[in-house]
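What follows is a short report on a single structure.
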Amino acid sequence: MKTRLVQDGIFTLVEDVTHAMEAPEHGFYWIDADTEDLEILQPLFHLHELAVEDCLTEEEQRPKIELYDSNYFIVINSIRFDDEEIFLRALNIFLGKHYIITVTRQKINELRALKPILWEEEVAAPDRFLYHLMDLVVDNYTSVGDRIEVKIEKLEEDILMHTKKSHLNEIIGLRSEILWLKKVLVPQKEVISTLNKKELRLISEPLKKYFGDIYENAVKISETFDTFRDLMANLREAYQSSLANRANEIMRVFTALTTIFMPLTFITGIYGMNFEYIPGIHWEYGGVAAVIFMVLVGISMLVLFRKKDWL
């Protein structure tokens, strides 16, 4: 657990967390904690037991905001896209009048990226801290959306160039991830909408329009994922059409080869009969002539098929 006094974007480490119980003359306290630290923080800052229980649960938490007398409890999901796999990380936030507590199980990239922004913007209030943090979280969804779009384009190109059975698994897996992210985005939008529209005493009035800007970005991202869902349906149709076309192409080749060998089989059938009088049967070069004739017939049929664009 790290306790920092934030004054105009400047951080000062505080050794004793109990100092954060009282409001500073200027600025606010940021307490970056693990779930194990809640045992200490709960009685100090009067954290509601249900909120603490949500932080401690192993199950995936739905984004939400709970309003309590002394603070607000906010759950949002940070997103990561590593090695072609998407991860969600729960970010639990307790917003007070002069403090903000962030509780996480894993490292959150947005918290590390937030520090230079707080310094540059000279942040001195916990609600502005919350705004910049949620802005980074939503921006990361945009970045992940861009990477998913690139992945869809590459998959589409691979399907059109050379269809493989493995492409179907990729389509199903990517579609499932998109639907999963869409499911997460809906409650996350509701949280941002609450911060934008509802009368909240811990959110300053001028800051609400900034949360409105984040909400608009979240809506755009949600619409983008709707588009991705439709694209995945189109990709599946393209995959099935490509397989069907490939099967038709193979059948066309096999049919042409069968048709070419039909007259050759007829000729060999005749000369394979046990009749005594067959044209050329006693000729010295009869066998060679028959082979040459069959080759010419096969080449002629192949040329005809090519000219008709049947092969």
Side-chain angles (χ1 to χ4, degrees), residues 30-39 41-42 45-80 86-97 99-111 114 126-142 144-145 177-204 207-223 225-226:
W30 171 25
I31 303 172
D32 189 13
D34 297 325
T35 53
E36 294 80 6
D37 301 319
L38 289 171
E39 186 176 354
L41 297 175
Q42 183 178 6
F45 296 94
H46 306 290
L47 307 181
H48 198 281
E49 59 181 8
L50 292 178
V52 172
E53 183 181 341
D54 286 341
C55 294
L56 295 176
T57 184
E58 295 287 344
E59 297 179 2
E60 184 178 306
Q61 288 294 312
R62 185 178 186 270
K64 63 180 179 179
I65 178 170
E66 300 288 348
L67 308 180
Y68 299 110
D69 294 336
S70 59
N71 53 59
Y72 301 158
F73 175 58
I74 303 168
V75 180
I76 55 177
N77 285 320
S78 167
I79 190 171
R80 291 180 61 185
I86 298 174
F87 300 92
L88 289 180
R89 298 285 186 259
L91 178 54
N92 305 293
I93 304 167
F94 292 92
L95 176 67
K97 189 174 183 180
Y99 65 86
I100 188 165
I101 303 173
T102 55
V103 183
T104 59
R105 289 184 177 273
Q106 301 93 3
K107 291 183 178 179
I108 303 294
N109 292 336
E110 288 86 346
L111 289 177
L114 185 63
D127 56 349
R128 287 195 64 84
F129 178 102
L130 177 65
Y131 158 71
H132 288 294
L133 177 57
M134 298 197 74
D135 189 38
L136 283 175
V137 169
V138 173
D139 283 346
N140 271 352
Y141 276 87
T142 303
V144 170
E177 288 182 341
I178 291 171
L179 293 176
W180 175 51
L181 290 175
K182 173 68 177 175
K183 184 179 178 181
V184 171
L185 277 171
V186 172
Q188 198 129 299
K189 284 193 305 179
E190 294 175 359
V191 172
I192 301 172
S193 177
T194 300
L195 294 170
N196 169 227
K197 298 177 181 179
K198 194 169 182 178
E199 293 295 330
L200 302 173
R201 58 184 178 81
L202 296 181
I203 303 294
S204 62
L207 195 60
K208 286 187 177 181
K209 62 181 179 181
Y210 291 95
F211 282 106
D213 182 64
I214 299 177
Y215 177 75
E216 290 179 2
N217 291 336
V219 171
K220 291 178 183 178
I221 297 169
S222 181
E223 292 173 349
F225 279 102
D226 284 335

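Everything quoted here is computed from the prediction, not taken from an experiment.
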Legend entry - side chain to side chain contact (heavy atoms under 4.5 Å, CB included) evaluation trace for F225 with V184: CA-CA 11 Å; F225 279 102; V184 171; over 6 Å; no

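- Not a single donor-acceptor pair under 3.5 Å links the side chain of N140 to the backbone N or O of V137.
- Side chain of R105 to backbone of L56: a donor-acceptor contact under 3.5 angstrom is found.
- With values rounded to the nearest 0.5 angstrom, L200 atom CG is found 7.5 Å from T194 atom OG1.
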Inset, instruction - Please lay out, stage by stage, how V219 and E223 fare under the test side chain to side chain contact (heavy atoms under 4.5 Å, CB included). - result: CA-CA 6 Å; V219 171; E223 292 173 349; 3.7 Å; yes

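- Under the salt bridge (charged side-chain N to carboxylate O under 4.0 Å, His left out) criterion, D226 pairs with K182, R229, sequence neighbours left out.
- The minimum heavy-atom distance between S70 and H46, with the atom names listed, is OG-O, 3.6 Å.
- Note: I108 CD1 to I79 CD1 = 11.5 Å, rounded to the nearest 0.5 Å.
- The shortest side-chain heavy-atom distance between I86 and R80 does not fall under the 4.5 Å cut-off.
- Under the 4.5 Å side-chain criterion, counting only non-hydrogen atoms from C-beta, T104 is not in contact with T35.
- Between the NE2 atom of H48 and the CD atom of Q42 there is a distance of 9.5 Å, given to the nearest 0.5 Å.
- Residues A218 and I192 share a closest heavy-atom pair of CB-CD1, 4.2 Å.
- The distance from atom CG of L38 to atom CG of N92, rounded to the nearest 0.5 Å, is 8.0 Å.
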Inset, instruction - Go through F211 and S193 one step at a time and tell me if the side chain to side chain contact (heavy atoms under 4.5 Å, CB included) criterion holds. - result: CA-CA 8 Å; F211 282 106; S193 177; over 6 Å; no

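- Remark: Y72 OH is packed, more than 12 non-hydrogen atoms of other residues, nucleotides or ligands lying under 6.0 Å away.
- In summary, the aromatic rings of F45 and Y99 are positioned with their centroids under 6.0 Å apart.
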Legend entry - Audit row: F94, T102, side chain to side chain contact (heavy atoms under 4.5 Å, CB included) steps and yes/no: CA-CA 7 Å; F94 292 92; T102 55; over 6 Å; no

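- Under the 4.5 Å side-chain criterion, counting only non-hydrogen atoms from C-beta, V103 is not in contact with I93.
- In this structure, Y215 OH and S222 OG are separated by 9.0 Å, a value rounded to the nearest 0.5 Å.
- Nearest heavy-atom pair, A33 versus L41, reported as atom, atom and distance to 0.1 Å: CB-CD1, 3.7 Å.
- Using modelled atom types, one finds no donor on one side chain facing an acceptor on the other under 3.5 Å when comparing Q188 with N77.
- The shortest distance between side-chain heavy atoms of W180 and L185 does not fall below 4.5 Å.
- A side-chain donor-acceptor contact under 3.5 Å links D127 to the backbone of S204.
- In this structure, the side chains of Y210 and D213 stay at 4.5 Å or more apart for every pair of heavy atoms.
- Going from atom CD1 of I76 over to atom CG of L130 covers 7.0 Å, rounded to the nearest 0.5 Å.
- Residues L95 and I203 have side chains in contact (heavy-atom distance under 4.5 Å, counting atoms from C-beta outward).
- Closest approach of G96 and P126 over heavy atoms only: O-CG, 3.6 Å.
- Heavy-atom minimum distance, L114 versus L133: CD1-N, 3.8 Å.
- Within the structure, salt bridge (charged side-chain N to carboxylate O under 4.0 Å, His left out) contacts touching residues 190-199 (residues at least two apart or in different chains) are R62-E190, E199-K208.
- Counting heavy atoms from C-beta on, the side chains of Q106 and F87 never come closer than 4.5 Å.
- A heavy-atom distance below 4.5 Å is not found between the side chains of T142 and N217.
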